[in-house]
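The chains referred to below are lettered A, B, ... by the order of the sequence lines, with proteins before strands, and numbering in each begins at 1.
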Protein chains: 2
Amino acid sequence: MSSSYHHGDLKAALLAYAREQMEHAGFDGLSMREMAKAVGVSHTAAYRHFADKQALLDVVATDSFSELLELTRQGAASAPAEPRSRLHASGMAYVRFGLGAPRRLAHMFSAMDAPQASASLRAAGFGLFAFLEGLVGAGQVAGVFRAGDTHQLSRACWAMVHGLATLPSLARLAHSGTELETGLRSAEEALAVFLDGLARM
Amino acid sequence: MSSSYHHGDLKAALLAYAREQMEHAGFDGLSMREMAKAVGVSHTAAYRHFADKQALLDVVATDSFSELLELTRQGAASAPAEPRSRLHASGMAYVRFGLGAPRRLAHMFSAMDAPQASASLRAAGFGLFAFLEGLVGAGQVAGVFRAGDTHQLSRACWAMVHGLATLPSLARLAHSGTELETGLRSAEEALAVFLDGLARM
DNA sequence: CTGGAATGTTAACGACGTCAACATGAGGAA
DNA sequence: TTCCTCATGTTGACGTCGTTAACATTCCAG
C-alpha cells in the first residue's frame, strides 16, 4: 500500500507541530530533525517547503501575528462601541494571548527584529500596530483620549499591553499562585491606570 | 616562556566576551567553541568554570540584573526627591539600558523564566522588582500615587517600562529614523501618560 | 620540596542544520 | 492507455556544536 511516500500536507503539518511544540520546547527545543520525525517524515523533507529553519519559524511568527490581530479585532468588536472599552478589550485579548502562548509571543518579536525578517512577517507585525493605532486615533477624534501624536501614543499603548503580556515570568518570581488568573487581574488594573492617564484631562 | 598555559582570569574574560558579543550575535551566535577561541583558549576550557553553556549565560543575566538595578538606583538618586520624578528617572534609566542592550535585556528575561534558573538569577531579578516596588510604595505613602495593592501597581509600572524598553523593534518597523532618540522620546511620553494615571485622582 | 588541586588540552561521541544525489509518485501530453 | 516531467521525499555525507573522558601542566599548602 505504501500509504505515504508523499505526506499529503507536510507543510501545514510542520507548521502546526512547530506552533504547538514551541511552548513545551525548553530553549529552541524543536529541531528540524525532531520535527520531521514527529510528523513521520525524514529529516531534510522540510527543505522542500522551507528554505531553512529560520524560514519555517518566520512563517510561524507571521501566522501568529495574524492570529493575534484577529483576536484583538474580536476583542474590540465584542466591546461597547466606545473608544476606551474597545481599546481595553483588545488589549486584554492581547494579554490573554501572551499568557497562553508566552514563548510564541516572544518568538514573534525576536523573529521580527532580526534583519533578515521577511517582508510578510514585517507586514503582519505592522498590521497589528496599525489596528491599534486606529483604535487610539478613534478615541482622539471622539475627544475622549488626550491630544498628541497618535503614533507616539499608540506606541505607548502597545508598550503597556506588550509589557503586561510579556512580563508574567515575574509573576512566577513574585511567588504568585495561579499564574494566569493573577496575570489577568494585574493586567486589568494596569490598563485602568494607563487608560486613566490616556483620558483627556 | 609558555606565557600562558593558565589564562589568569578566564572566567571573567569569558563573561565579558559573552556580554559584549551578545548584541552582535545573530541568533545565539555565540557558541562555546567560538567564545573559547576568541579568548585564546581551547574549547572545553570553559567547563572548568561553568557547568554548561546555560550556566555561563545565566551568570551574564544575573550580572546584568545587578547592573540594571544599579542604573535605576542612580537614576532615582539623581532626581528630585519626589516620588513621581524618582520613578520617572529610574524608569528612563531602565529604558536606556534596554535601548542600548536589547538582546541582553531579552536574554535576562528568557533566562529567568526558564525552570532551571539559578537561585541567584531569580534573586537578582527579584531585587530589581523590590526596588521598583519601594519607589511605588513611597509614592503611595506620600499620598501622590493612587491607593491600591502596591504589588499590583508595581507590576503595572514594570510592565509599562519593560514594554518601552523592549518594544523598539517596532520603531524600526514603523520606519522611524534615529532608533535610540525616537525610542527615548516615545518612552518619555508614554511614561507621562502612565504616571498621570498613577497619580491620585 | 612535593603532592594534590586547580586549570587547560586533546580526542571523541552524538545531535544538529544543510547540501547533493537519488528515488518515488502524481498528473498532464501523446 | 503510456510516458515524461516535476514536485515531493529519502539517503548519505560534511562541518559545527555541546559535552564528556582522559591526559597534561601549573600553582600552592604541607
Side-chain angles (χ1 to χ4, degrees), chain A residues 1-22 24-61 103 107 110-111 114-118 121, chain B residues 1-22 24-61 103 107 110-111 114-118 121:
Chain A
M1 191 48 49
S2 82
S3 63
S4 60
Y5 187 98
H6 288 90
H7 176 283
D9 202 0
L10 180 55
K11 185 168 183 173
L14 286 169
L15 288 173
Y17 182 79
R19 171 161 53 214
E20 176 190 332
Q21 285 303 104
M22 185 161 283
H24 312 317
F27 205 23
D28 274 27
L30 64 175
S31 64
M32 283 279 126
R33 294 171 111 108
E34 181 235 339
M35 291 172 53
K37 181 172 296 183
V39 167
V41 99
S42 264
H43 56 275
T44 77
Y47 289 86
R48 297 298 148 187
H49 302 275
F50 302 97
D52 55 12
K53 186 183 183 181
Q54 187 63 36
L56 193 161
L57 294 179
D58 277 12
V59 174
V60 172
R103 294 204 217 268
H107 166 64
S110 96
Q116 325 89 351
S118 70
L121 173 55
Chain B
M1 191 48 45
S2 82
S3 64
S4 60
Y5 186 99
H6 288 89
H7 177 283
D9 202 359
L10 180 54
K11 186 168 182 173
L14 286 169
L15 288 173
Y17 182 79
R19 172 162 54 215
E20 176 190 330
Q21 284 304 105
M22 185 160 282
H24 312 317
F27 205 21
D28 274 26
L30 65 175
S31 63
M32 282 281 126
R33 295 171 110 107
E34 181 235 340
M35 290 172 53
K37 180 171 297 184
V39 167
V41 99
S42 262
H43 56 275
T44 77
Y47 289 86
R48 297 298 148 187
H49 301 275
F50 303 97
D52 54 12
K53 185 181 184 181
Q54 188 63 36
L56 192 160
L57 294 179
D58 276 13
V59 174
V60 172
R103 294 204 218 267
H107 166 64
S110 97
Q116 325 89 352
S118 71
L121 173 55

Take atom [atom1] of [X] and atom [atom2] of [N], then tell me their distance rounded to the nearest Å.
{"X": "A:Lys53", "N": "C:dC19", "atom1": "NZ", "atom2": "P", "value": "14 Å"}
{"X": "B:Leu56", "N": "D:dT19", "atom1": "CG", "atom2": "P", "value": "10 Å"}
{"X": "B:Leu10", "N": "D:dT26", "atom1": "CG", "atom2": "C1'", "value": "15 Å"}
{"X": "B:His49", "N": "C:dT9", "atom1": "NE2", "atom2": "C1'", "value": "13 Å"}
{"X": "A:Tyr47", "N": "C:dC16", "atom1": "OH", "atom2": "P", "value": "12 Å"}
{"X": "A:Arg48", "N": "C:dT18", "atom1": "CZ", "atom2": "P", "value": "14 Å"}
{"X": "A:Met32", "N": "C:dC16", "atom1": "CE", "atom2": "P", "value": "12 Å"}
{"X": "B:Met35", "N": "D:dT16", "atom1": "CE", "atom2": "C1'", "value": "16 Å"}

What residues, two or more places apart in sequence or in another chain, satisfy side chain to side chain contact (heavy atoms under 4.5 Å, CB included) together with [X]?
{"X": "A:Ala45", "result": "A:Leu10, A:Val41"}
{"X": "B:Arg33", "result": "B:Ser31, B:His43"}
{"X": "B:Val60", "result": "B:Leu15, B:Ala18, B:Arg19, B:Met22, B:Leu56, B:Ser64, B:Arg104"}
{"X": "B:Ala111", "result": "B:Asp58, B:Ala61, B:His107, B:Leu121"}

Using the 3.5 Å cut-off, write out each protein N or O paired with an N or O of nucleotides 4-7 of chain D and the distance between them.
none

Sequence neighbours excluded, which residues qualify as side-chain hydrogen bond (donor to acceptor under 3.5 Å, both in side chains) partners of [X]?
{"X": "A:Glu20", "answer": "none"}
{"X": "A:Tyr47", "answer": "none"}
{"X": "A:Gln21", "answer": "none"}

Between B:Met32 and B:Lys53, which heavy-atom pair has the shortest distance, and what is it?
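Answer, listing the atom of B:Met32 first, then B:Lys53: CE-CA, 3.3 Å.
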
Please compare A:Asp9 and B:Glu34 by the position of their nearest nucleotide in DNA chain D and report the one closer to 5'.
A:Asp9

To the nearest 0.5 Å, what is the distance between CG (A:Leu14) and CE (A:Met35)?
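Separation between the atoms: 5.0 Å.
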
Provide a list of protein-nucleic acid N or O atom pairs under 3.5 angstrom, restricted to nucleotides 10-12 of chain C.
| unit_1 | atom_1 | unit_2 | atom_2 | d |
| --- | --- | --- | --- | --- |
| C:dT10 | OP2 | B:Ser42 | OG | 3.4 |
| C:dT10 | O4 | B:Thr44 | OG1 | 3.0 |

